[in-house]
Amino acid sequence: MGAVVLCMILSMRTLFIPSKMKYKHVSFENLILISSIYCTLMIGFGLLYTMLEMKGMHVLSEGVNAGVGGFWQHLCTSFYFSAMTLFSVGYGDVVPIAAGRLLAGIEALIGYTIPAAFVMRTVMDFEKTHK
């Protein structure tokens with residue numbers, strides 16, 4: 001397990017510490033920025049799903065457990081679904097229904113455009129420093 005963690009750390013290191021090149025590939029500030037944006041969006045959409053569920057609107061279906069559970073169950077499911085929607089196409093174990101489909105579509109669209117904006121910002125920062 002330690003070897004796997006070490007490999008992951010060394011791979012992330014190559015993004016921030018220049019090897020033979022004169023510049024970093026990605027600035028640490030940009031990583032912090034994109035991480036905080038992703039966290040804010042994931043938490044925000046997760047809270048929206050939870051609030052709608054608590055108001056009686058069923059926006060997420062979790063197979064046989066749909067509508068079952070208290071606040072903490074809804075919160076955990078909502079955060080999980082939000083993360084899966086923001087970072088990927090999801091696994092299909094939690095499915096949006098009714099108004100949740102619109103929210104999930106908006107979240108997925110935002111999740112797919114953030115990497116493009118991150119690349120654009122990195123390129124612009126690189127051009128500013130190397131003119």
Side-chain angles (χ1 to χ4, degrees):
M1 191 155 83
V4 171
V5 171
L6 179 66
C7 287
M8 290 175 10
I9 290 170
L10 290 176
S11 125
M12 288 293 292
R13 180 180 167 267
T14 61
L15 282 174
F16 303 105
I17 299 174
S19 53
K20 295 178 183 176
M21 299 180 160
K22 296 179 184 175
Y23 58 90
K24 295 180 185 177
H25 294 243
V26 178
S27 71
F28 186 69
E29 293 81 19
N30 281 347
L31 176 71
I32 296 299
L33 176 68
I34 196 168
S35 298
S36 64
I37 290 170
Y38 270 125
C39 286
T40 303
L41 288 171
M42 184 184 70
I43 291 169
F45 275 101
L47 289 174
L48 285 174
Y49 295 128
T50 302
M51 287 188 280
L52 290 172
E53 286 282 337
M54 292 290 111
K55 290 224 179 244
M57 293 179 65
H58 295 293
V59 293
L60 299 176
S61 175
E62 193 178 0
V64 294
N65 296 331
V68 178
F71 173 77
W72 294 110
Q73 175 67 30
H74 287 296
L75 186 67
C76 290
T77 300
S78 295
F79 283 160
Y80 166 77
F81 176 75
S82 180
M84 290 301 105
T85 304
L86 193 61
F87 295 119
S88 68
V89 294
Y91 291 126
D93 54 343
V94 179
V95 180
I97 54 176
R101 290 181 177 179
L102 176 63
L103 272 178
I106 293 168
E107 183 177 12
L109 179 65
I110 291 170
Y112 293 141
T113 57
I114 288 176
F118 177 67
V119 169
M120 183 71 147
R121 180 183 172 106
T122 303
V123 168
M124 288 173 60
D125 286 349
F126 176 76
E127 287 180 353
K128 268 191 229 174
T129 59
H130 289 89
K131 274 192 170 185

>> In terms of relative ring orientation, are Tyr49 and Phe81 parallel, tilted or perpendicular, with 30° and 60° separating the classes?
In response: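 Perpendicular: the ring planes of Tyr49 and Phe81 meet at over 60°.
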
Examine [X] and [Y] and state if one hydrophobic cluster contains both, with Ile, Leu, Val, Met, Phe, Trp and Tyr joined whenever side-chain heavy atoms are less than 4.5 Å apart.
{"X": "Ile106", "Y": "Met84", "value": "yes"}
{"X": "Leu48", "Y": "Ile37", "value": "yes"}
{"X": "Val95", "Y": "Tyr91", "value": "no"}
{"X": "Leu109", "Y": "Ile114", "value": "no"}

> Which pair of non-hydrogen atoms, one from Ala99 and one from Met57, has the smallest distance, and what is that distance?
Replying inline: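 Looks like CB-CE, 3.9 Å.
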
>> Going by side chain to side chain contact (heavy atoms under 4.5 Å, CB included), Ser78 matches just one of Leu52, Thr50, Val59, Val94. Which one?
In response: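 Output: one option passes, namely Thr50.
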
Let me confirm one number: the [atom1]-[atom2] distance from [X] to [Y], rounded to the nearest 0.5 Å.
{"X": "His58", "Y": "Glu53", "atom1": "NE2", "atom2": "CD", "result": "6.5 Å"}
{"X": "Leu103", "Y": "Leu60", "atom1": "CG", "atom2": "CG", "result": "9.0 Å"}
{"X": "Ile110", "Y": "Tyr38", "atom1": "CD1", "atom2": "OH", "result": "11.0 Å"}

> Can you name the residues that form a side-chain hydrogen bond (donor to acceptor under 3.5 Å, both in side chains) with Thr77, not counting sequence neighbours?
Replying inline: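 Glu62, Gln73.
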
Distance-only criterion, 3.5 Å: show the donor-acceptor pairs between side-chain atoms of residues 40-47 and protein atoms not counting sequence neighbours.
| from | atom 1 | to | atom 2 | distance (Å) |
| --- | --- | --- | --- | --- |
| Thr40 | OG1 | Ser36 | O | 2.7 |

